[in-house]
Amino acid sequence: MNDKTAIGIHWSFWVIGTVFLIWNVMGVVNFLVQMNPEMLSTYRESERMIIEGRPLWATAAFAVGVFAGAIGCLLLLFRKVAAYPVFMVSLAGVIVTMIHTLGIGIDFSIGEILGFIVMPVAVAIFLIWYAKLSMRRGWIQESGRMNR
């Protein structure tokens, strides 16, 4: 990246990339905490039951969603078009995780629905859209190719 190319990128690109990198890293940390039995013991019983009863496929989808989201944000900040397909993979992981979460038969409060179900899906969709927008504007590029 040269100075001329970096100047053409709107400041919001860096803010959005950083904020959503933090969001996804928090998801990675949440995943790692849930995989630690000692840390899991600090959760409320209802939360532990959901996590401990989660099948392997839903746990794997959770991992894919959060790790791909974090990697996608890093790729976005490094201005690589690979961010777009990685965000697509992240959305797939989030959707599969949400299918399990909604299928466990627990009555969630509106806050839980918004925070644990709607928000992750909305963020994943936003990041796909934003990566596509960044590609159209030339803010992210293929390796070895400088776009303006």
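Numbers here simply count residues along the sequence, with the first being 1.
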| Who passes side chain to side chain contact (heavy atoms under 4.5 Å, CB included) against E45, sequence neighbours left out? | R48, M49
| request: Is it possible for you to say whether I51 and V64 belong to one hydrophobic cluster, with membership spreading through side-chain heavy-atom contacts below 4.5 Å? | output: no
| said: Taking V123 as the starting point, is it possible to reach V89 by hopping between hydrophobic residues whose side chains are less than 4.5 Å apart? | reply: no
| message | For residues 118-130, which residue pairs pass the side chain to side chain donor-acceptor pair (under 3.5 Å) check, not counting sequence neighbours? | response | none
| request: For the pair S90 (side chain) and V86 (backbone), establish whether a donor and an acceptor sit closer than 3.5 Å, ignoring hydrogens and angles. | output: no
Would you tabulate the side-chain donor-acceptor contacts of residues 65-76 under 3.5 Å, counting partners in other chains and residues two or more places apart, or write 'none'?
none

| request: Nearest 0.5 Å please: distance from the CD1 atom of I128 over to the CG atom of L91. | output: 4.5 Å
| request: Would you mind listing every side chain to side chain donor-acceptor pair (under 3.5 Å) that reaches into residues 55-70, with sequence neighbours excluded? | output: R54-T59
Atom pairs and distances, donor-acceptor, side-chain atoms in residues 16-31, under 3.5 Å, two or more places apart:
unit_1: T18; atom_1: OG1; unit_2: W14; atom_2: O; d: 2.7
unit_1: N24; atom_1: ND2; unit_2: F20; atom_2: O; d: 2.9
unit_1: N30; atom_1: OD1; unit_2: Q34; atom_2: NE2; d: 3.1
unit_1: N30; atom_1: OD1; unit_2: Y43; atom_2: OH; d: 3.3

| query | What pair of heavy atoms forms the shortest contact from H100 to P55, and how long is it? | reply | NE2-CD, 3.1 Å
| remark: Distance col, row I125:CD1 vs M88:CE, nearest 0.5 angstrom, shows 10.5 Å
| task | Please answer: with hydrophobic residues joined when any side-chain heavy atoms are less than 4.5 Å apart, are V81 and L133 in the same cluster? | result | yes
| task | Mind checking side chain to side chain donor-acceptor pair (under 3.5 Å) for S41 and listing every partner two or more places apart, or none if nothing turns up? | result | none
| Looking at A61 and V96, what are the two nearest heavy atoms and their distance? | CB-CG1, 3.4 Å
| Atom CE of M35: over 12 foreign heavy atoms under 6.0 Å | yes
| remark: Nearest heavy-atom approach of A124 to V94 is CB-CG2, 4.5 Å
| Closest contact, heavy atoms only, W139 versus R79 | O-NE, 2.6 Å
| message | A quick test of your reading: do over 12 heavy atoms of other residues, nucleotides or ligands sit less than 6.0 Å from CZ of F78? | response | no
